[in-house]
2 protein chains.
Amino acid sequence: MQPNFSTRERILGVAETLFARHGFAGASLRQVTAAAKVNLAAVNYHFGSKESLIEEVFRRRLDELNRHRLAALAAVATNPGRQLEDVLDAFIRPALEQSMDSAGGAAFVRVLARAYAEHDERLRRFLSDNYGYVLREFATAFARLLPHLRKDELYWRLDIVAGALTYAMADFGMIKRKDDVSEQNHREQSAQHLVRFAAAGLRAP
Amino acid sequence: MQPNFSTRERILGVAETLFARHGFAGASLRQVTAAAKVNLAAVNYHFGSKESLIEEVFRRRLDELNRHRLAALAAVATNPGRQLEDVLDAFIRPALEQSMDSAGGAAFVRVLARAYAEHDERLRRFLSDNYGYVLREFATAFARLLPHLRKDELYWRLDIVAGALTYAMADFGMIKRKDDVSEQNHREQSAQHLVRFAAAGLRAP
DNA sequence: TCCGCAATCAAACGATCGTTTGAATAGTAG
DNA sequence: CTACTATTCAAACGATCGTTTGATTGCGGA
């Protein structure tokens with residue numbers, strides 16, 4: 001993390017990468033503060049606790065990410081010829097772009113996937129309370145495009161899409177990125193495959 | 001864990017559920033041994049280390065699971081009219097059945113999903129070395145059924161399927177199981193939706 | 001210039017971590 | 001019964017955990 005950033009920002013940046021790499025329990029505050037070159041006590045001074053630091057790592061990126069997602073969804077909604085692929089793209093592309101243009105964005109997608117794997121009730125509640133409405137917006141958009149699907153059937157499929165998306169974007173799979181392909185390029189391909197696959201899955205008879 | 005089981009088995013059973021619930025770093029050996037009602041030192045006596053205990057948790061279930069998967073795949077291969085759905089079912093159903101008939105089987109599916117999320121190199125190596133050949137068997141079966149797909153295209157899609165499968169079976173999604181639906185029933189529905197979704201995704205143009 | 005406040009620091013807190021030790025306790029073969 | 005092995009046990013090891021303390025620093029406004 002660049003030393004010209006503030007203490008607060010350096011902690012957030014380093015915490016993001018270490019949480020992605022070792023998990024929330026696996027990454028200690030001592031590792032974080034050492035890598036960020038700040039004092040150990042700085043975490044509790046600026047954030048209050050490790051728990052609050054974790055929430056702040058999410059808040060920092062999700063506020064921006066979901067703003068972009070809703071904007072993209074709104075743009076699609078005005079398009080009369082919109083397709084499933086467009087709505088899927090509105091959900092996936094902002095995550096893709098954030099993971100490419102911000103320094104720790106790639107790490108954050110992994111952190112998000114870890115949050116999914118954690119069954120921690122407090123964390124799920126926090127994410128659901130603060131960002132659940134975004135998922136609901138997209139669900140109604142999908143419902144309009146798939147009117148023949150029963151409601152519960154649609155929810156099942158969206159759940160599967162969310163899982164596939166999370167895992168694929170987080171690069172958890174076994175597909176090894178070729179050395180001659182940049183991480184951005186890899187992620188771009190990942191998103192394209194995802195959109196096509198998910199669209200076909202959602203349209204399944 | 002039933003007290004009539006051996007110390008070794010009690011540790012494995014409890015470790016499975018606690019790893020599923022709190023992660024490998026999050027579940028301590030003290031929690032495990034306390035819940036299993038065995039002495040703390042028993043873990044290192046019977047398994048050598050926490051790391052080895054984790055590997056044994058996988059080995060115990062994966063040996064059986066993959067035997068069933070390969071048997072189901074072989075049964076499908078003799079069927080001349082086999083479909084994508086049959087191969088997908090050969091992969092998914094054994095996991096479904098194991099999660100239903102063994103006491104901690106449901107927990108194990110979650111442990112498997114956690115292993116996915118962990119980027120731990122040792123764990124990935126262990127799983128790849130010991131069980132990678134199963135995935136390769138299924139990959140060639142899929143390749144035969146989807147001859148029009150380029151090899152890299154196929155691998156992309158299988159990667160997505162694996163992610164969706166892992167996620168859905170581990171019950172990570174937001175879909176809340178209705179109280180009047182048993183966990184078995186929920187899982188059965190989950191598998192059916194998965195097979196249909198994945199088949200459509202794999203067949204996408 | 002001096003005050004006041006926000007920030008940083010070294011040090012220590014008690015708790016918990018994985019692991020090891022050595023003695024106590026079965027259970028079995030000779 | 002004795003000797004031996006396998007297992008269980010309480011206790012402690014050093015390391016590391018998240019958090020707190022109290023002193024020290026540095027800077028902007030009166």
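Quick note on labels: first sequence line is chain A, next is B, and so on, each numbered from 1. In this text, all values refer to a predicted model and were calculated from it rather than measured experimentally.
- Nearest nucleotide to the B:Tyr45 side chain, out of D:dA6, C:dC17, D:dT19: D:dA6.
- Taking atom CG of A:Asn39 as the reference point, atom C1' of C:dA10 lies 7 Å away to the nearest angstrom.
- Distances were taken from every side-chain heavy atom of B:Arg30 (C-beta onward) to each of D:dG18, D:dA12, D:dT8; the shortest belongs to D:dA12.
- Taking atom NE2 of residue B:His46 and atom C1' of nucleotide D:dC9, one finds them 12 Å apart after rounding to whole Å.
- Residue contacts for A:Ala42: at a heavy-atom cut-off of 4.0 Å it reaches no nucleic acid atom on any strand shown.
- Place A:Lys50 and B:Ala41 on DNA chain D by their nearest nucleotides, and B:Ala41 ends up nearer the 5' end.
- When distances run from any side-chain atom of B:Thr7 to the nucleotides C:dC17, D:dT8, D:dC17, the shortest one goes to D:dT8.
- Residue A:Ser49 places its side chain closer to D:dT19 than to any other of C:dT19, D:dT19, D:dT8.
- If you measure from atom CG of A:Leu40 to atom P of C:dA12, you get 14 Å, rounded to the nearest angstrom.
- The main-chain N or O of A:Phe24 is never found under 3.5 Å from a side-chain atom of A:Arg114 such that the two would form a donor-acceptor pair.
- A straight line from CZ of A:Phe24 to P of D:dG18 spans 14 Å, rounded to a whole angstrom.
- Within the 3.5 Å criterion, the main-chain N or O of B:Gln83 finds a donor-acceptor partner in the side chain of B:Asp86.
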Writing each nucleotide of DNA chain D 5' to 3' as (, ), [, ], | or . by Watson-Crick or G-U pairing under 3.5 Å yields |||||||||||||||||||||||||||..|
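- Between the P atom of C:dA10 and the NZ atom of A:Lys37 lies a distance of 14 Å, rounded to the nearest Å.
- A salt bridge does not link A:Arg21 with A:Glu16: every distance from a Lys NZ or Arg NE/NH1/NH2 to an Asp or Glu carboxylate oxygen is 4.0 Å or more.
- Classification of B:Arg59 and B:Glu56 as a salt-bridged pair holds, one side-chain N sitting under 4.0 Å from a carboxylate O.
- Aromatic ring pairs are classed by plane angle as parallel below 30°, tilted from 30° to 60° and perpendicular above 60°; the pair B:Tyr131 and B:Phe126 is perpendicular.
- Rounded to a whole Å, the CG atom of B:Leu29 is 16 Å from the P atom of D:dT8.
- OP1 and OP2 of C:dT16 both lie 4.0 Å or more from every side-chain N or O belonging to B:Ser28.
- Note that CG of A:Leu73 and CZ of A:Phe142 are 8.5 Å apart. Values are rounded to the nearest 0.5 Å.
- Taking atom CG of A:Leu18 as the reference point, atom C1' of D:dG18 lies 16 Å away to the nearest angstrom.
- Minimum interatomic distance between A:Glu9 and A:Arg60 (heavy atoms only, all atoms of both residues): O-NH1, 4.5 Å.
- To the nearest angstrom, P of D:dT8 lies 12 Å from CD of B:Glu9.
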